[in-house]
Amino acid sequence: MRYIRYGFLAALGIVLVSVSLANRQMVQLKLMPDALAELLGFNLSTNLPLFLVVLGGVVAGLVIGFLWEWLREHKHRRDASVKSTEVRKLEREVKKLKKKQNQGEDDVLALLDEAS
């Protein structure tokens, strides 16, 4: 399985390098469309290679997707935390009740009773 992962990462690296080499031309990124920029009086722009724009868009999409999913699953993590706390509380209560039940009995019998 390790070799498959290394093979996949190598193939992905080769594809990314070839895309980067094929798309080295510079493109201008603008913050706003020209009409809106004229209305507001400013427009930030920068020149970047095309492959940075493409790969940056992919990375930004992944980050936004992961963040969205993390926020969406918040209620499930909260429920799991509440259930885990409840399980620990019930385990302590069971241990206390077994100890109370086995009080006054032989220690060996109490240990065997707790094990089952």
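Predicted model only: the values in this text are computed from it and were never measured.
Note on Leu12 and Phe51: same hydrophobic cluster, where clusters join Ile, Leu, Val, Met, Phe, Trp and Tyr whose side-chain heavy atoms are under 4.5 Å apart, directly or indirectly. Cluster membership for Leu67 and Val59, using ILVMFWY side-chain heavy atoms within less than 4.5 angstrom, is not shared.
The closest donor-acceptor contact from the side chain of Ser18 to the backbone of Ile14 lies under 3.5 Å.
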Test log, rule side-chain contact (heavy atoms from CB on, under 4.5 Å), inputs Asn47 and Val27: CA-CA 6 Å; Asn47 289 327; Val27 293; over 6 Å; no
Starting from the C-alpha separation in whole Å, work towards a yes-or-no answer on salt bridge (Lys or Arg N to Asp or Glu O under 4.0 Å) for Glu86 and Lys89. CA-CA 5 Å; Glu86 186 177 337; Lys89 180 182 141 194; over 6 Å; no
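Scanning both residues, Phe42 and Met32, for their nearest heavy atoms gives O-CE, 3.1 Å.
Atoms CZ and CZ, on Arg2 and Arg5 in that order, are 7.5 Å from each other to the nearest 0.5 Å. Between Leu29 atom CG and Leu50 atom CG the span is 9.0 Å, to the nearest 0.5 Å. Taken from CZ in Arg88 to CD in Glu93, the straight-line distance is 15.0 Å, to the nearest 0.5 Å. The line from CG of Leu31 to CG of Leu40 is 9.5 Å long, rounded to the nearest 0.5 Å. Distance OG/Ser81 to NE2/His76: 14.5 Å, rounded to 0.5 Å.
Paired with Val17 under the rule side-chain contact (heavy atoms from CB on, under 4.5 Å), one option of Leu21, Val15, Val19 passes, and it is Leu21.
Ser20 places none of its side-chain heavy atoms less than 4.5 Å from the side chain of Leu52. Within the 4.5 Å cutoff, side-chain heavy atoms of Asn43 are placed close to those of Asp34. When side chains are defined from C-beta on, Glu73 counts as touching Arg77, because their heavy atoms get closer than 4.5 Å. In this structure, Leu48 and Thr46 have side chains that are in contact, with non-hydrogen atoms separated by less than 4.5 Å. Counting heavy atoms from C-beta on, the side chains of Gln25 and Pro49 never come closer than 4.5 Å. Side-chain contact between Val54 and Asn23 is absent, with no heavy atoms from C-beta onward closer than 4.5 Å. Using a 4.5 Å heavy-atom cutoff, the side chains of His74 and Trp70 are not in contact.
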